[in-house]
Amino acid sequence: MNQINHLIIGNKNYSSWSLRPWLLLKVKGIEFKETKISLYTEGSKAELLKFSATGKVPVFEHAENVVWDSLAICEYIADVFPNANCWPENLEERSLARSISNEMHSGFLSIRNTLHMNCRLAIVLDKISAEVQSDIDRICEIWRLCRGKYSTSGEFLFGDFTIADAMYAPIVLRFQSYGIKVGNIEREYMDKILSILALKKWVSAGVSETEFIEECEIIV
Ligand SMILES: N[C@@H](CCC(=O)N[C@@H](CS)C(=O)NCC(=O)O)C(=O)O
């Protein structure tokens, strides 16, 4: 049985979904082979379809299993590497961690559709729509709730790094890129995420990429 862990990802500058399982694997010290596909280029769809019928990244190959979709991959990693403590151990904490991770995965469409992850970008948005502000406010509320409950156990949302932090890491990068104003508790949390060495390496690799995806560069 082939036991290799193989994560297929998109451009580091833009692919927020790819970052989530990548960061989880890195922070948890799980070794893996990484294949990067330059998205929205000639031939990239055919390349993506070799790995998953969705034609999207991320995709994770492990043993004989192929898993696609960022949150499903994170759940799979939690299953096959139980010692990595990808979710909080306590049921009450785990239920909150799962809820906010799913809320991220299925929601915040205004932010996802207008504030594209773009590691190269550093601006301060002068106008924020009501819809985007409402997403920002809800995310800040989630971060404050978790930090209020679990700050004595560590500096991440549930103390130690969990899937919930991996799910929100691209939001931290977006808030940073677009100069989103947040309160002190949220800022501290953002700084903690930004201090993760693996994340710094992802960002610097993203910044060095030469591909330019026009749709992701539009600032609404
Ligand atoms: N819900 C999916 C979204 C995956 C997704 O949209 N991936 C984008 C990159 S971030 C992609 O592969 N786009 C390439 C394409 O559609 O051709 C997940 O959570 O993994």
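Counting convention: from 1, in listed order, for ligands and their atoms alike. Note that the coordinates shown come from a computational prediction; the quantities given were computed from them, not determined experimentally. Throughout, residue positions are numbered sequentially from 1 according to the sequence presented.
The protein heavy atom nearest to atom 3 (C) of ligand 1 is Trp17 CD1, 3.5 Å. Closest to atom 4 (C) of ligand 1, if we only count protein heavy atoms, is Val57 O, 3.3 Å. At the top of the distance list for atom 10 (S) of ligand 1, counting protein heavy atoms only, stands Ser15 OG, 3.1 Å. For atom 20 (O) of ligand 1, the nearest non-hydrogen atom of the protein is Ser70 N, 2.8 Å. When hydrogens are left out, the protein atom nearest atom 16 (O) of ligand 1 is Lys56 NZ, 3.0 Å; that is the closest non-hydrogen contact. The closest protein non-hydrogen atom to atom 2 (C) of ligand 1 is Asp69 OD2, 3.5 Å. For atom 15 (C) of ligand 1, the nearest protein heavy atom (residue, atom name, distance) is Lys45 NZ, 3.2 Å.
Checking only distances, Ser18 never comes within under 3.5 Å of ligand 1, N or O to N or O. Residue Tyr40 places at least one N or O, backbone or side chain, under 3.5 Å from an N or O of ligand 1. Geometrically, ligand 1 and Ser16 share no nitrogen or oxygen pair separated by less than 3.5 Å.
Counted within 6.0 Å of NZ on Lys181, heavy atoms from surrounding residues, nucleotides or ligands total 12 or fewer; the atom is thus considered open.
Contact of the Asp69 side chain with the His105 side chain is registered, since non-hydrogen atoms from C-beta on lie closer than 4.5 Å.
Every atom of ligand 1 is numbered from 1 in the order shown, and the set under 4.0 Å from a heavy atom of Pro58 is 20 (O). Numbered from 1 in the order shown, with element, the atoms of ligand 1 that lie under 4.0 Å from a heavy atom of Gly55 read 15 (C), 17 (O).
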Self-check item: Stepwise salt bridge (Lys or Arg N to Asp or Glu O under 4.0 Å) test for Arg144 and Glu186
Solution: CA-CA 7 Å; Arg144 282 196 307 272; Glu186 300 91 299; 2.9 Å; yes
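With sequence neighbours excluded, the residues forming a ring-ring contact (aromatic ring centres under 6.0 Å, His included) with Trp202 are Trp22, listed by chain and number.
Checked options Leu115, Ile111, Val132; the residue passing with Ile180 is Leu115 (criterion: side chain to side chain contact (heavy atoms under 4.5 Å, CB included)).
The shortest separation from a heavy atom of His105 to ligand 1 is under 4.0 Å, placing the residue in contact. Between Gly10 and ligand 1 there is no heavy-atom distance shorter than 4.0 Å.
His116 NE2 to Leu173 CG: the interatomic distance, rounded to the nearest 0.5 Å, is 15.0 Å.
Defined by atom type and a distance below 3.5 Å, a donor-acceptor pair is present between the side-chain atoms of Asp165 and Tyr189. Counting only N and O atoms by type, the side chains of Glu188 and Asn184 include no donor and acceptor under 3.5 Å apart.
Looking at Arg120 and Glu217, a side-chain N of the basic residue comes within less than 4.0 Å of a carboxylate O on the acidic one, giving a salt bridge.
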